[in-house]
Protein chains: 2
Amino acid sequence: MASTSSSLAISQALLGRAISQNGSDKCVSIPAFSGLKSTSPRTTFSSRRIASTNSHSLRPLVRAAAVETKTESSLVEKSVNTIRFLAIDAVEKAKSGHPGLPMGCAPMSHILFDEVMRYNPKNPYWFNRDRFVLSAGHGCMLQYALLHLAGYDSVREEDLKSFRQWRSKTPGHPENFETPGVEVTTGPLGQGIANAVGLALAEKHLAARFNKPDNEIVDHYTYSILGDGCQMEGITNEVCSLAGHWGLGKLIAFYDDNHISIDGDTEIALTESVDKRFEALGWHVIWVKNGNNGYDDIRAAIKEAKAVTDKPSLIKITTTIGYGSPNKANSYSAHGAALGEKEVEATRQNLGWPYEPFQVPEDVKSHWSRHTPKGAALEADWNAKFAAYEKKYAEEARELKSIMSGELPAGWEKALPTYTPDSPGDATRNLSQQCLNALAKVVPGFLGGSADLASSNMTLLKAFGDFQKATPEERNLRFGVREHGMGAICNGIAHHSPGLIPYCATFFVFTDYMRAAMRIAALSEGGVIYVMTHDSIGLGEDGPTHQPVEHLSSFRAMPNILMFRPADGNETAGTSIESVEKGGYTISDNSTGNKPDVILIGTGSELEIAAQAAEELRKEGKTVRVVSFVCWELFDEQSDAYKESVLPSDVSARVSIEAGSTFGWEKIVGGKGKSIGIDSFGASAPAGKLYKEFGFTIEAVVAAAKSLI
Amino acid sequence: MASTSSSLAISQALLGRAISQNGSDKCVSIPAFSGLKSTSPRTTFSSRRIASTNSHSLRPLVRAAAVETKTESSLVEKSVNTIRFLAIDAVEKAKSGHPGLPMGCAPMSHILFDEVMRYNPKNPYWFNRDRFVLSAGHGCMLQYALLHLAGYDSVREEDLKSFRQWRSKTPGHPENFETPGVEVTTGPLGQGIANAVGLALAEKHLAARFNKPDNEIVDHYTYSILGDGCQMEGITNEVCSLAGHWGLGKLIAFYDDNHISIDGDTEIALTESVDKRFEALGWHVIWVKNGNNGYDDIRAAIKEAKAVTDKPSLIKITTTIGYGSPNKANSYSAHGAALGEKEVEATRQNLGWPYEPFQVPEDVKSHWSRHTPKGAALEADWNAKFAAYEKKYAEEARELKSIMSGELPAGWEKALPTYTPDSPGDATRNLSQQCLNALAKVVPGFLGGSADLASSNMTLLKAFGDFQKATPEERNLRFGVREHGMGAICNGIAHHSPGLIPYCATFFVFTDYMRAAMRIAALSEGGVIYVMTHDSIGLGEDGPTHQPVEHLSSFRAMPNILMFRPADGNETAGTSIESVEKGGYTISDNSTGNKPDVILIGTGSELEIAAQAAEELRKEGKTVRVVSFVCWELFDEQSDAYKESVLPSDVSARVSIEAGSTFGWEKIVGGKGKSIGIDSFGASAPAGKLYKEFGFTIEAVVAAAKSLI
């Protein structure tokens with residue numbers, strides 16, 4: 001019993017993903033994994049609106065030429081300086097932000113956005129766009145400047161002027177849920193490059209599944225800029241090891257090698273050979289020595305990177321942080337603060353920049369203006385290609401459409417297994433596996449895996465093989481022992497397409513390793529599913545290093561995550577939809593008039609102990625209600641009347657039992673109730689012994705109840 | 001105001017570290033950072049007992065020869081098989097555990113413990129011992145078998161027979177607080193090698209500070225065994241990059257290259273070149289191709305590793321997991337489960353092992369028995385060396401003794417700055433810096449640093465330079481952007497010597513990156529201090545990726561951590577010792593008879609808002625108490641009478657204000673109180689604006705209070 005629990009958390013956007021269809025405001029929600037019926041989107045969080053692939057099919061006025069003609073070099077320089085000064089001016093106006101990175105990375109990013117990347121600024125969600133991730137997210141003014149120049153409606157001049165202000169579209173780090181054109185939410189270092197690996201994985205997977213010899217309908221690159229900070233974070237090594245292993249040839253990362261981090265020169269803490277490390281990880285490595293002016297070198301490097309199709313490429317570009325600032329360039333003082341009025345002026349002088357703050361010179365504006373018709377043409381061409389695809393490959397097109405739109409096939413939830421009270425008992429992780437496999441059959445974008453615990457987490461999809469370099473069409477992801485990378489890669493997959501629904505798994509205690517990624521999933525409405533098995537001291541002999549205690553509380557405290565702790569097959573599969581979707585509900589009661597002598601509240605494996613204790617108490621003539629408290633967040637959202645029907649305010653005799661910290665339970669049991677939990681670390685011993693020693697017994701529940709009646 | 005908060009957490013052992021002096025049971029506690037007076041050790045957790053360096057000065061009967069004579073190879077083989085079968089038998093008896101690693105790693109570890117390492121089995125805490133860390137902690141039966149053979153009293157035959165049982169000395173993963181001879185607590189992968197880097201750092205630092213040309217009083221190696229799982233974890237790359245950067249030449253890591261992880265062959269998820277990666281990280285790499293039988297190769301590799309003094313060494317040893325098992329060797333099935341009766345028998349046959357379960361052959365026993373006198377001799381020699389050192393270098397000896405024993409200099413707390421109500425206001429992180437610098441002056445083992453945020457966290461020790469390869473005597477640690485590695489390295493430093501008190505720092509939100517290491521600090525009683533600045537939405541423009549919300553709750557839920565959220569100079573410095581050490585206390589009150597109309601409770605920056613709201617309410621004739629709730633864990637431990645004096649049960653009108661999740665506050669404000677907090681993510685805007693928009697205002701507190709009166 002005790003060793004069979006597993007928990008699920010779902011970052012809340014899975015319930016709340018809003019999909020704008022054909023330009024209308026109608027919202028469709030994707031029901032959550034556990035089989036909940038469609039729920040209206042959360043109003044307290046920004047919703048992700050996806051323009052459908054058909055909503056921008058106006059014939060473009062101008063067709064982009066297949067081969068870009070080379071831009072005059074003085075105009076390139078001017079455009080690069082425009083990017084620099086937009087960043088300088090916005091940070092200066094906000095008196096807050098990071099000018100140094102945009103000033104150093106303007107050349108590489110100009111080439112990327114103006115010459116290389118394929119996107120449609122008027123439909124940031126065009127499916128086949130190239131993806132760009134600024135992993136060094138603090139340099140977000142770089143990205144805002146680029147989106148502005150490229151013609152995205154999300155970043156207009158007034159948005160640049162309200163950089164880092166309340167409710168602006170230009171927050172202090174890139175946030176996909178605020179700014180269309182931003183693919184993922186970055187800032188915490190290393191997360192972005194991990195997301196980029198997820199995006200590139202998604203492309204490789206979908207291309208392998210859907211491309212045909214005569215119609216390569218999925219075909220885009222993923223680009224990322226990362227800095228020294230990202231390089232130091234362990235997550236970066238985890239995901240880049242996987243990217244090399246998987247051979248993600250269409251992932252091209254720019255390493256902004258500027259030798260400066262917040263505490264000073266990187267020589268104080270980073271003297272490894274990053275190049276050699278990436279070669280060891282199976283990457284193709286190119287070094288551009290003059291990232292400040294070597295435009296042709298940058299162009300050549302990108303060309304070379306594209307030519308290597310079986311390995312991801314790292315283009316190390318040596319740049320100067322704060323390039324152009326006479327007194328702050330090449331210093332940490334350019335990193336994270338406004339240059340200051342005097343230095344801004346000196347930089348204007350130094351770079352020969354006569355324009356007003358926020359001014360985009362007319363020739364630069366005119367040069368970039370072609371991206372609007374070009375983007376429309378790219379999308380229109382692709383739409384035509386998709387129409388041909390649909391005609392010839394109807395079945396595949398149906399699946400791909402579902403992935404692109406996020407609309408699940410009608411009746412998908414009927415595929416879930418059902419259980420009755422007579423169903424044989426089983427570990428919840430086995431029941432979870434039945435559900436995962438059932439979902440994979442009907443949900444085309446359902447894929448995932450475990451951090452080297454597939455056989456313990458029970459997360460293998462039996463109908464599919466492993467996603468590997470040579471078999472990218474498969475859906476079992478093998479992350480190795482890389483929890484943090486796993487979580488962040490799943491964020492990238494989730495944000496690639498609304499219909500890609502990744503799940504990932506580990507022992508509950510090891511969510512500590514990927515908590516930073518889970519938080520960003522919640523914040524960015526990733527809709528990632530976490531299967532977290534071995535969720536208490538019930539895992540037994542492995543001992544306290546492997547036994548979660550505070551984890552349920554710590555996720556209940558995290559915003560925008562639904563933390564489920566299911567107790568049995570019905571809750572795991574969600575066939576008792578009406579009850580589970582309320583978060584807490586009565587499973588048995590021998591009282592009348594909503595006034596039991598005592599209410600026993602349990603979750604997971606301990607619900608059974610509560611139920612057995614109730615039987616004992618009832619034998620002694622007490623009226624007892626047993627309540628399953630599977631998801632606190634959902635219970636919180638119910639009407640007062642419903643809450644009162646489950647936990648009547650008149651009944652203060654309440655006992656909770658849960659093999660986790662009691663922290664937070666006062667809210668449920670009240671000041672006069674009792675919580676049976678564990679507020680110390682666990683121990684190494686068989687599960688049954690631990691349950692007894694730590695007081696998770698029928699007797700303990702009965703005694704606590706009696707003390708309150 | 002709003003942007004100035006910082007928080008502190010102290011893994012509880014700092015308060016509870018018990019030091020057994022000269023064999024007596026007298027316990028001395030090290031007061032906590034915040035200036036708390038000595039507190040009796042927690043009774044609910046195991047205490048770390050350190051035998052003093054003088055308590056085992058009996059003249060040894062036998063003196064170890066300086067050069068070890070080579071043992072007959074058949075006896076080596078027999079000893080190696082003894083290790084294998086002790087592991088096999090213990091796992092079999094427990095029907096739980098990991099036999100595969102001990103069977104594969106027995107050869108390298110035999111050589112290490114029998115031929116190479118310097119230790120005293122009868123005093124596991126002898127200061128100058130070589131340290132050994134089993135980073136692949138699941139293979140703990142390897143370590144228990146070695147400790148048993150070597151003569152440690154902590155692991156006797158009956159302890160092996162109670163492997164993984166309730167209250168045994170042989171838990172399912174190595175736990176330093178359960179088993180003397182185990183240096184650190186491992187199991188969660190990657191933590192151990194990070195601890196080993198911390199141990200090696202400590203040695204290099206102390207050697208640089210205390211060694212004299214004529215007396216190298218600090219001089220030991222740090223060894224570690226890590227497996228494929230550790231290699232995949234990002235933390236391993238973080239800390240090994242630092243170890244290379246710092247040139248930790250006396251760190252020698254064995255990489256058990258067995259090609260198997262839980263999910264099968266490592267080729268499914270680990271195909272990078274680990275060797276080349278470590279070379280890129282600045283390590284000396286050696287490959288022993290036959291780790292199963294190549295004893296001389298292993299010996300030669302260790303010799304080579306020791307000869308390289310300016311780089312850490314990685315000895316990659318190719319082994320067979322489950323070596324000797326005819327049907328399970330080289331398979332994941334040998335990894336994490338008992339072999340089974342039949343396979344155990346087959347393995348006995350295969351390796352020609354006629355002995356009973358748990359039997360150590362007499363010649364093996366006799367061979368290992370020399371380590372008791374040898375160890376005593378090593379320690380006695382060193383004690384003599386220390387006596388000479390003390391005579392010649394009295395001042396240095398005094399400092400080193402304090403570091404070895406954990407006894408702080410008398411009156412150290414007087415060095416802390418004091419503040420009065422008239423002291424000018426300042427950001428708590430600035431006040432924190434004053435305290436850190438004051439402590440560094442008087443506490444010889446106080447050292448630490450930040451994850452590339454020293455200038456933001458305000459953690460630089462001004463009297464010292466940077467600990468670097470060429471300046472290891474300094475005390476400012478530069479971790480780079482490697483939070484997880486930082487946390488785990490600090491655990492290693494803390495467990496090197498009782499008097500080494502490491503602190504580490506980052507933005508509060510980025511504790512998510514190092515939460516796994518912090519949990520182990522708490523579990524293993526590391527006494528690490530965490531300085532966590534920018535602890536709420538008050539950090540402003542950086543936005544929700546950088547704004548902690550749920551973090552206070554999530555650490556309050558974690559066992560064995562003291563989570564402090566100080567409000568001002570007095571609390572930061574701890575001059576109001578009597579109050580702060582109670583965790584919660586009244587800062588102002590205009591009521592009589594312990595019956596105010598309302599109680600306002602605040603922490604950190606919000607305490608000031610509560611105080612100002614109280615002024616408003618008092619103007620209107622209300623009686624109002626303001627309570628500072630700086631540390632919940634300490635308040636929990638107070639007497640009922642004290643608690644009642646602060647939060648009288650008759651007063652249900654209570655309002656809390658804290659810029660964090662309200663999760664858990666019901667416990668303090670009760671069912672009829674109100675909590676002002678933030679249960680969504682934050683936003684990017686200036687701090688003042690955010691405080692207003694999210695309702696952290698005097699008006700909001702006044703309104704909440706009035707609604708309850």
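So that the names make sense, note that chain A is the first sequence line, chain B the second, and so on, each numbered from 1. Please read these numbers as outputs of a predicted model, since none were measured by experiment.
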Practice task
Under 4.5 Å heavy-atom distance to chain B, tell me which part of A:Ser553 shows up: side chain, backbone, both or neither.
Solution key: both
Problem - Interface residue of largest heavy-atom contact number with chain A, from B:Glu175, B:Arg515, B:His484, B:Lys95, under 4.5 Å - result: B:Arg515
Practice task
Would you please indicate yes or no on a ring centroid separation below 6.0 angstrom for A:Phe694 and B:Trp166?
Solution key: yes
Completion exercise
Looking only at A:Ala454, A:Gly282, A:Gly97, most heavy-atom pairs under 4.5 Å shared with chain B are made by A:Ala454
Problem - Contacting region of A:Ser273 [heavy-atom separation from chain B under 4.5 Å] - result: both
Practice task
Please name the pair of heavy atoms, one in A:Ala269 and one in B:Leu242, separated by the smallest distance, quoted to 0.1 Å.
Solution key: O-CD2, 4.1 Å
Exercise for the section: Find the one option among A:Gly660, A:Ser168, A:Pro544, A:Ser649 whose heavy-atom pairs under 4.5 Å with chain B are most numerous. Expected result: A:Pro544
Exercise for the section: Answer with side chain, backbone, both or neither: which region of A:Phe507 has an atom nearer than 4.5 Å to a non-hydrogen atom of chain B? Expected result: neither
Handout entry: Choice from B:Thr662, B:Leu523, B:Leu281 maximising heavy atom contacts with chain A below 4.5 Å
Key = B:Leu523
Practice task
Kindly say whether A:Ile262 contributes a backbone atom to a donor-acceptor pair with the side chain of B:Asp452 at under 3.5 angstrom?
Solution key: yes
Practice task
Below 4.5 Å from any heavy atom of chain A, which atoms of B:Phe479 appear? Answer side chain, backbone, both or neither.
Solution key: backbone
Handout entry: Option that, when pairs with chain A are counted at under 4.5 Å, heavy atom only, ranks first among B:Met514, B:Gln231, B:Gln468
Key = B:Gln468
Practice task
Work out which heavy atom in A:Leu453 is nearest to a heavy atom in B:Asp263; give both atom names and the distance.
Solution key: N-OD2, 3.5 Å
Fill in the blank from the handout: Checked A:Thr511, A:Ile235, A:Val274, A:Leu189 vs chain B; the most non-hydrogen pairs under 4.5 Å come from A:Leu189
Problem - Verdict with reasoning, B:Arg277 to A:Asn237, per side-chain contact (heavy atoms from CB on, under 4.5 Å) - result: CA-CA 10 Å; B:Arg277 177 159 60 88; A:Asn237 196 71; 3.7 Å; yes
Fill in the blank from the handout: Whatever's closer than 4.5 Å to a heavy atom in chain A on B:Ser684 counts as both
Handout entry: Non-hydrogen atoms of A:Pro559 and B:Asp679 that approach each other most closely
Key = CB-O, 3.7 Å
Handout entry: Residue part contacting chain B, namely of A:Pro548, when any heavy atom lies under 4.5 Å
Key = backbone
Problem - B:Ser96: side-chain hydrogen bond (donor to acceptor under 3.5 Å, both in side chains) partners, not counting sequence neighbours - result: B:Arg164
Problem - A:Tyr332, OH: over 12 other non-hydrogen atoms inside 6.0 angstrom - result: no
Completion exercise
Given the options B:Trp632, B:Phe555, B:Trp665, A:Phe663 meets ring-ring contact (aromatic ring centres under 6.0 Å, His included) only with B:Trp632
Practice task
Under 4.5 Å heavy-atom distance to chain B, tell me which part of A:Lys667 shows up: side chain, backbone, both or neither.
Solution key: both
Exercise for the section: Among the options A:Gln165, A:Lys276, A:Arg167, pick out the one with the most heavy-atom pairs lying under 4.5 Å from chain B. Expected result: A:Gln165
Problem - Residue among B:Lys469, B:Glu483, B:Glu267 with most heavy-atom pairs under 4.5 Å to chain A - result: B:Glu483
Practice task
Report the option among B:Asp512, B:Ile678, B:Leu460 that has the most heavy-atom pairs separated by less than 4.5 Å from atoms of chain A.
Solution key: B:Asp512
Handout entry: Closest-packed option against chain A by number of heavy-atom pairs under 4.5 Å, given B:Leu690, B:Ile268, B:Thr271, B:Thr236
Key = B:Ile268
Fill in the blank from the handout: Assert top hit (heavy-atom pairs under 4.5 Å, partner chain B, pool A:His98, A:His138, A:Glu279, A:Arg478) equals A:Arg478
Practice task
Would you mind checking which part of B:Thr186 comes under 4.5 Å of any heavy atom in chain A, side chain (CB onward), backbone (N, CA, C, O), both or neither?
Solution key: backbone
Handout entry: From CA spacing to verdict: side-chain contact (heavy atoms from CB on, under 4.5 Å), B:Arg482, A:Leu270
Key = CA-CA 11 Å; B:Arg482 302 180 182 96; A:Leu270 179 71; 3.6 Å; yes
Practice task
Determine, step by step, whether A:Glu238 and B:Glu233 satisfy the side-chain contact (heavy atoms from CB on, under 4.5 Å) criterion, reporting the C-alpha distance in whole Å, the side-chain angles of both residues, the deciding distance to 0.1 Å, and the verdict.
Solution key: CA-CA 6 Å; A:Glu238 291 183 9; B:Glu233 292 285 6; 3.6 Å; yes
Fill in the blank from the handout: When the 4.5 angstrom heavy-atom criterion is applied to B:Val239 and chain A, the contacting part is neither
Problem - Shortest non-hydrogen separation from B:Pro188 to A:Thr545 and the atoms involved - result: CD-CB, 3.6 Å
Exercise for the section: With rounding to the nearest 0.5 Å, note down the distance linking OG in A:Ser455 to NE2 in B:His335. Expected result: 9.0 Å
Exercise for the section: Could you go through the side-chain contact (heavy atoms from CB on, under 4.5 Å) check for A:His546 and B:His173 one step at a time? Expected result: CA-CA 9 Å; A:His546 285 52; B:His173 288 81; 3.2 Å; yes
Completion exercise
Those residues at least two apart in sequence (or on a different chain) that pass salt bridge (charged side-chain N to carboxylate O under 4.0 Å, His left out) with B:Glu550 are A:Arg519
Fill in the blank from the handout: Note: vs chain B, highest number of non-hydrogen pairs under 4.5 angstrom among A:Pro686, A:Ala557, A:Ser554, A:Gly264 is A:Ala557
